[in-house]
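Report on one structure; see the data block that follows.
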2 protein chains.
Amino acid sequence: MKKVAVIVAGGSGTRMNTALPKQFLLINGKPVLYYTINTFLKAYNDLNILLVLPEEYISAGQEIIDAFFDYKRIKITAGGTTRFHSVQNGLKLIDEESIVFVHDGVRCLITTDLIKRCYEAAIEFGSAIPVIDSKDSVRVLTEEGNEPIDRAIIKLIQTPQTFHSKIILPAFKIDYKDKFTDEATVVEAFGLKVHLVDGEENNIKITKPVDLSFAEKILSGQKQA
Amino acid sequence: MKKVAVIVAGGSGTRMNTALPKQFLLINGKPVLYYTINTFLKAYNDLNILLVLPEEYISAGQEIIDAFFDYKRIKITAGGTTRFHSVQNGLKLIDEESIVFVHDGVRCLITTDLIKRCYEAAIEFGSAIPVIDSKDSVRVLTEEGNEPIDRAIIKLIQTPQTFHSKIILPAFKIDYKDKFTDEATVVEAFGLKVHLVDGEENNIKITKPVDLSFAEKILSGQKQA
């Protein structure tokens with residue numbers, strides 16, 4: 001089946017103390033977004049990318065594409081006021097039956113393994129949400145204070161959140177609600193369950209300067225391997 | 001008030017694919033445990049350390065102390081079959097009223113700031129459990145599948161879990177139960193609530209080779225600062 005990755009890169013980068021949004025920061029001389037896009041393109045030859053960027057960074061995104069990639073496989077579109085609206089803008093451009101990956105642009109340590117695992121599961125179950133276990137114990141705040149919760153039943157959610165187009169396209173016709181923190185919650189509001197798959201510990205969001213160093217280390221290791 | 005840090009270093013290091021337990025692996029030429037111990041000793045001049053090690057690594061621990069530290073401030077004792085039993089062994093050596101920090105030996109990025117924050121809160125509230133927010137969305141497994149849970153009410157637990165000796169010493173006279181995954185759960189079984197304080201994102205457990213690289217980066221930065 002066709003594959004489309006909606007790569008959402010809407011963040012303004014305030015946590016990095018830098019004017020440049022974190023998806024444009026450099027790792028080994030190339031922008032964070034380069035690595036994200038490159039891994040999706042490598043995963044499948046028939047995968048196309050819809051890159052959703054804040055209006056004011058569309059030209060910066062175009063420069064990355066021009067410098068590194070086959071422009072025919074990548075389209076840029078403008079983001080909206082929330083992640084939901086940004087994803088919605090990307091999904092509007094999908095007109096063929098496909099498996100749709102929705103991915104955080106700043107998760108640049110994504111691997112082709114994880115992309116393929118999500119694809120296979122989405123083919124079989126209609127959806128694939130990558131999750132990892134918490135390495136730390138977990139507590140939940142209650143009205144009376146806080147209490148432990150078995151960390152074996154707690155899952156930390158990553159992307160690419162992956163769906164059959166026949167599920168995610170109609171699901172995103174819904175009106176926005178604050179509880180839509182990711183695509184899985186939208187699909188659930190549409191009335192469907194989501195299927196979890198194993199994520200990867202290294203598949204972090206780049207949000208702090210030290211994350212860039214971490215990513216640099218991992219990506220240098222991959223090159224040697 | 002007197003301060004005692006019970007530093008628990010019982011892990012066997014299987015996730016690192018190395019024979020040496022991870023608390024003895026080197027960062028910039030010094031063992032992980034060196035950094036952990038050093039930060040506690042720096043935090044307060046009247047803080048003493050009880051280092052709990054697997055029987056077979058006591059001599060390795062002694063070598064670290066002899067090489068780097070004032071031996072009068074550090075005692076080593078043997079660990080038990082679980083974390084609970086290891087902590088219990090350490091606590092048995094405390095005979096003065098004090099604030100007791102129980103800390104994972106492999107959390108070597110602990111800062112004096114965090115230690116002091118825990119101390120102040122434990123003085124005021126009797127306990128201080130450092131926690132951080134999840135950067136990722138969170139789901140909880142249910143009998144029917146899985147569902148989102150508001151990540152604002154989910155807290156990931158770190159150490160040092162810090163208590164007044166009048167709380168933790170009697171609490172640990174209890175019989176072991178499987179649900180005792182940390183010291184907070186023991187104190188709760190004793191009938192008391194625990195107080196949460198802000199932890200630190202960098203205060204990770206060293207469990208994978210890439211964590212060592214991360215720690216190296218952070219610790220090198222601290223030296224320059």
Side-chain angles (χ1 to χ4, degrees), chain A residues 15 104 107 109 129-132 134-159 161 178-185 188-189 192-196 199 201-205 207-218 220-221, chain B residues 15 104 107 109 129-132 134-159 161 178-185 188-189 192-196 199 201-205 207-218 220-221:
Chain A
R15 294 187 75 191
D104 298 323
R107 291 195 195 261
L109 299 178
I129 310 296
V131 302
I132 58 168
S134 171
K135 288 196 285 180
D136 300 312
S137 297
V138 182
R139 286 187 168 255
V140 57
L141 303 185
T142 62
E143 282 184 18
E144 294 77 37
N146 65 85
E147 58 188 36
I149 181 168
D150 179 5
R151 77 172 162 182
I153 65 165
I154 289 290
K155 299 291 172 183
L156 308 181
I157 307 300
Q158 303 185 330
T159 71
Q161 300 201 353
D178 282 344
K179 69 170 181 178
F180 293 160
T181 52
D182 61 2
E183 293 67 52
T185 45
E188 286 172 329
L192 295 174
K193 290 189 180 299
V194 297
H195 179 78
L196 307 185
E201 275 188 34
N202 287 349
N203 182 28
I204 62 167
K205 278 193 237 185
T207 59
K208 308 186 306 296
V210 74
D211 297 333
L212 274 181
S213 307
F214 177 86
E216 193 174 308
K217 192 88 189 178
I218 298 274
S220 304
Chain B
R15 293 188 75 191
D104 298 322
R107 290 195 195 260
L109 299 178
I129 311 297
V131 302
I132 57 168
S134 172
K135 289 196 285 180
D136 299 312
S137 297
V138 182
R139 286 187 167 254
V140 56
L141 302 185
T142 62
E143 281 184 20
E144 294 77 37
N146 66 85
E147 59 188 37
I149 181 169
D150 180 5
R151 77 171 163 185
I153 65 166
I154 288 290
K155 299 290 173 185
L156 307 182
I157 307 300
Q158 301 185 332
T159 71
Q161 301 202 352
D178 282 343
K179 68 170 181 178
F180 293 159
T181 52
D182 61 2
E183 294 67 52
T185 46
E188 286 172 331
L192 295 174
K193 289 188 181 300
V194 297
H195 178 78
L196 307 184
E201 274 187 37
N202 288 349
N203 182 28
I204 62 166
K205 278 193 236 183
T207 58
K208 308 186 304 299
V210 72
D211 297 334
L212 275 181
S213 306
F214 178 87
E216 192 174 310
K217 191 89 192 178
I218 297 275
S220 304

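Residue numbers begin at 1 in each chain, while the letters A, B, ... track the order of the sequences. Only heavy atoms go into these numbers, but all of them, side chains included; no hydrogens, no water, no symmetry mates.
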Contact part of [X] toward chain A, heavy-atom cut-off under 4.5 Å: side chain, backbone, both or neither?
X: B/Asp182; result: side chain
X: B/Lys205; result: both
X: B/Asp150; result: neither
X: B/Lys155; result: both

Rounded distance (nearest 0.5 Å) linking atom [atom1] of [X] with atom [atom2] of [Y]:
X: A/Thr142; Y: B/Ile153; atom1: OG1; atom2: CD1; answer: 9.0 Å
X: B/Glu147; Y: A/Lys193; atom1: CD; atom2: NZ; answer: 8.5 Å
X: B/Lys217; Y: A/Glu216; atom1: NZ; atom2: CD; answer: 6.0 Å

Please assess B/Glu188 against A/Arg139 for the test salt bridge (Lys or Arg N to Asp or Glu O under 4.0 Å), listing each intermediate value before the final yes or no.
CA-CA 12 Å; B/Glu188 286 172 331; A/Arg139 286 187 168 255; 2.7 Å; yes

Tell me, out of A/Ile129, A/Thr185, A/Asn146, who's got the most heavy-atom pairs with chain B below 4.5 Å.
A/Asn146

Pairs of heavy atoms under 4.5 Å with chain B: top-ranked of A/Val131, A/Val194, A/Ile204
A/Val194

Can you tell if the side chain of A/Leu196 reaches within under 4.5 Å of the side chain of B/Leu141, non-hydrogen atoms only?
yes

Heavy-atom distance under 4.5 Å between the side chains of B/Asn202 and A/Lys208, does that happen here?
yes

Interface moiety of [X] toward chain B, non-hydrogen atoms closer than 4.5 Å:
X: A/Ser134; result: side chain
X: A/Asp104; result: neither
X: A/Ala152; result: backbone

Mind checking what makes side-chain contact (heavy atoms from CB on, under 4.5 Å) contact with A/Ile154, not counting sequence neighbours?
A/Val138, A/Ile149, A/Leu156, B/Val138, B/Val140, B/Ile154

Who among B/Ile157, B/Ile132, B/Asp136 has the most heavy-atom pairs with chain A under 4.5 Å?
B/Ile157

